[in-house]
Each structure stands twice: as structure tokens, then as C-alpha cells.
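By convention here, the first residue in the shown sequence is residue 1. Quick caveat, the model's predicted, so the values are computed rather than measured.
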Amino acid sequence: MTAMVKAEGVHKSFGAAHILKGIDLEVAPREVFCLVGPSGSGKSTFLRCINHLEQINSGRLSVDGKLVGYRQKGDKLYELKDSEVAAQRRDIGMVFQRFNLFPHMTALANVMEAPMQVKGESKAVARAKAERLLDRVGLSDKAKNYPSQLSGGQQQRVAIARALAMEPKLMLFDEPTSALDPELVGDVLDVMRGLAEDGMTMIVVTHEMGFAREVGDALVFMDDGVVVESGHPRDVLTNPQHDRTKSFLSKVL
């Protein structure tokens, strides 16, 4: 079976700062893959490399068997054109910490926009899909509301619906609950739980250890740009092998 995501020796630097120091990991189709670790460990940067929002400096990164952002000719890699990268990104949904909704558009219009603009879907088709997705994230009654009229948790659920509207094969979540008030976190995690049950492949950067334990199929603990420990979430969280993992978990669990 082809891995949905495969990273081989991935390095990324910003100037003199070496952020990713040779990441090797694989995410299987339909897997919920959780990335945990302290701030600054490279988790979000790695996520952004998966859809080529950041270029890697060396190594290889592929999604569903295809190199991300590059094509190989002989033993050399050549960067793809912007239009080719954009086409790859259509298959990868991303949900950020901040919701990044269009403030001048209703919830419904936010979800309709990309399928119409990028995929050329008709307004009627895009609207029907957007209504279905808003219902799925529990917000059918907020379709006509603007982002400023929604709570943070509601905005994040609209952002998830918007990403799903492109019918991605892979969803990336970058700490989707970290900007939310604690009582709003559960609604967003419930939506993500539902996606997992439907078989969506997900990579989730999270501080929600309960979610990782309950919903995750695999968990990686990153620190200082390297994978320190990986395994089944329950194993890593209840019986960590590395001192660095133990120290981190003692502070968050």
C-alpha cells in the first residue's frame, strides 16, 4: 500500500536556523497521525512543507506516491511551476490555528468559494455541497452569518468545512484548537472525530493529548527538529521510552 505521506530525510532551514533535521516518517491512508512536542520543535513547519507552503532544503516528501513541489529527472529534483504546485494543493486540506476566513463573506460563501473558483463548480453544486458540509460540522443554522458574528469554535468549524469542500485526500490540522476558549474545543474535536470515523487521512499537530490517545492511530513526539519517539498514542503517552518525552509529557498530562 502506498503511504499517503512519506518523508525521507527532510531538512528545512530559515537562514542559520536549522528547523527540521532529517525527518523520516510515514502516514498510512485513513490514518490519524498526531504530532506533539514543545513549541519551536518544527511540527508546524513540517506540516507546511507537506503542501509546499515551505520548500524543503533537502530530502524527499511525497503525498500519495507523488513528490511534493518537485519532479525527479534522473537523480535530480526540479521544482514544479506554481500552477503545478497549486494543483497538488487541491488534494490537501489545511486548517490553521487562526481561522483565515474571508471576513466579507458569510459562512456559506466561505465554503462555496474555492470549489467555484478553483474547481469551476457551478454555484448550485457548490451551494448544495456547502450546505451539506455546514450541516456536518453542526452549523447549518449559521450559514448566513459572517465570521465576526461567530465564536472562535464556530469559525474553526467553518474553516474545516471550507477545507473539506475541495474533497481532499489528506487533511492537515495545525493546532486547530489552540486559539479557542476551553469550552469551545470539544465541538471542533467532535468534528475531527467524525472525519476520522469516515476514514479521512489526517495529520494533526496538537496539544490535546486526550484526542491523540482516543482518536489517533500513530503519534510522533518531536523536539528540536527531530523525531524523538513514535508509536501508538496510548503506548507513547502511558509508557514513554525517552527521557525527553517523559519530561514533556509530565508537564502536559
Side-chain angles (χ1 to χ4, degrees), residues 32-36 39 43-44 47-48 50-51 53 89-119 121 123-216 252:
V32 178
F33 192 95
C34 297
L35 280 173
V36 304
S39 295
K43 309 179 302 292
S44 295
L47 217 56
R48 292 170 66 84
I50 293 172
N51 64 0
L53 286 174
R89 276 198 199 118
R90 285 181 203 178
D91 291 332
I92 305 172
M94 186 153 186
V95 178
F96 299 89
Q97 287 179 30
R98 295 281 166 197
F99 327 116
N100 297 345
L101 298 176
F102 298 117
H104 61 290
M105 291 183 180
T106 62
L108 187 70
N110 262 285
V111 180
M112 289 170 63
E113 181 72 2
M116 286 165 43
Q117 297 298 334
V118 179
K119 284 188 157 182
E121 287 182 9
K123 194 167 186 179
V125 168
R127 174 183 283 273
K129 187 200 293 182
E131 286 172 345
R132 193 174 70 247
L133 287 167
L134 285 175
D135 183 49
R136 180 177 182 176
V137 299
L139 291 173
S140 48
D141 59 331
K142 302 290 185 188
K144 293 180 178 164
N145 289 46
Y146 289 88
S148 62
Q149 300 167 310
L150 301 172
S151 72
Q154 289 167 338
Q155 289 185 60
Q156 192 61 293
R157 284 185 279 154
V158 173
I160 294 172
R162 181 175 64 174
L164 292 173
M166 290 296 286
E167 294 165 351
K169 58 174 88 162
L170 169 67
M171 284 284 282
L172 308 175
F173 291 90
D174 188 6
E175 298 191 20
T177 58
S178 68
L180 302 181
D181 293 332
E183 70 267 26
L184 303 175
V185 167
D187 293 337
V188 173
L189 294 180
D190 284 344
V191 170
M192 293 169 66
R193 233 175 243 116
L195 290 178
E197 284 162 11
D198 292 347
M200 173 63 76
T201 311
M202 296 156 57
I203 302 181
V204 185
V205 172
T206 186
H207 293 298
E208 301 290 339
M209 298 302 158
F211 174 85
R213 183 189 288 115
E214 191 189 325
V215 183
V252 297

Supply the atom-to-atom distance [X] [atom1] to [Y] [atom2], rounded to the nearest 0.5 angstrom.
X      : Y      : atom1 : atom2 : result
Lys142 : Gln155 : NZ    : CD    : 12.0 Å
Gln156 : Met192 : CD    : CE    : 9.0 Å
Thr201 : Leu172 : OG1   : CG    : 10.5 Å
Cys34  : Met209 : SG    : CE    : 9.0 Å
Leu170 : Phe33  : CG    : CZ    : 11.5 Å
Asp135 : Asp141 : CG    : CG    : 9.5 Å

- Item | Under 3.5 Å donor-acceptor, Gln149 side chain and Tyr146 backbone |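 Yes: the side chain of Gln149 pairs with the backbone of Tyr146.
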- Query: Any sub-3.5 Å donor-acceptor pair from Arg157's side-chain atoms to Val137's backbone N or O?
  - Reply: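 It does hold such a pair.
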- Begin with the C-alpha distance, continue with both residues' side-chain angles, and end with the deciding distance and a verdict on side-chain contact (heavy atoms from CB on, under 4.5 Å) for Leu139 and Gln154. CA-CA 7 Å; Leu139 291 173; Gln154 289 167 338; 3.7 Å; yes
Are [X] and [Y] close enough that some pair of their side-chain heavy atoms sits under 4.5 Å apart?
X      : Y      : result
Leu195 : Ile160 : yes
Val215 : Leu189 : no
Val185 : Phe211 : no

- Taking only Lys NZ, Arg NE, NH1 and NH2, and the carboxylate oxygens of Asp or Glu, determine whether Arg127 and Glu131 approach each other closer than 4.0 Å.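 Counted as a salt bridge, because a side-chain N and a carboxylate O are separated by less than 4.0 Å.
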- Query: Are Arg193 and Asp190 within salt-bridge range, i.e. N to O under 4.0 Å?
  - Reply: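 Yes.
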Quiz: residues 90-109 side-chain donor-acceptor pairs under 3.5 angstrom, not counting sequence neighbours:
{"from": "Thr106", "atom 1": "OG1", "to": "Ala109", "atom 2": "N", "distance (Å)": "3.1"}

For a quick test of reading the model, state the closest non-hydrogen atom pair linking [X] to [Y] and the distance between them.
X      : Y      : answer
Val111 : Ala165 : O-CB, 3.5 Å
Ala161 : Leu133 : O-CD1, 3.6 Å
Ala130 : Met112 : CB-CG, 3.6 Å

- Message: List the residues meeting salt bridge (Lys or Arg N to Asp or Glu O under 4.0 Å) with Arg136, not counting sequence neighbours, and say none if there are none.
- Response: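 Only Asp198 meet the salt bridge (Lys or Arg N to Asp or Glu O under 4.0 Å) criterion with Arg136.
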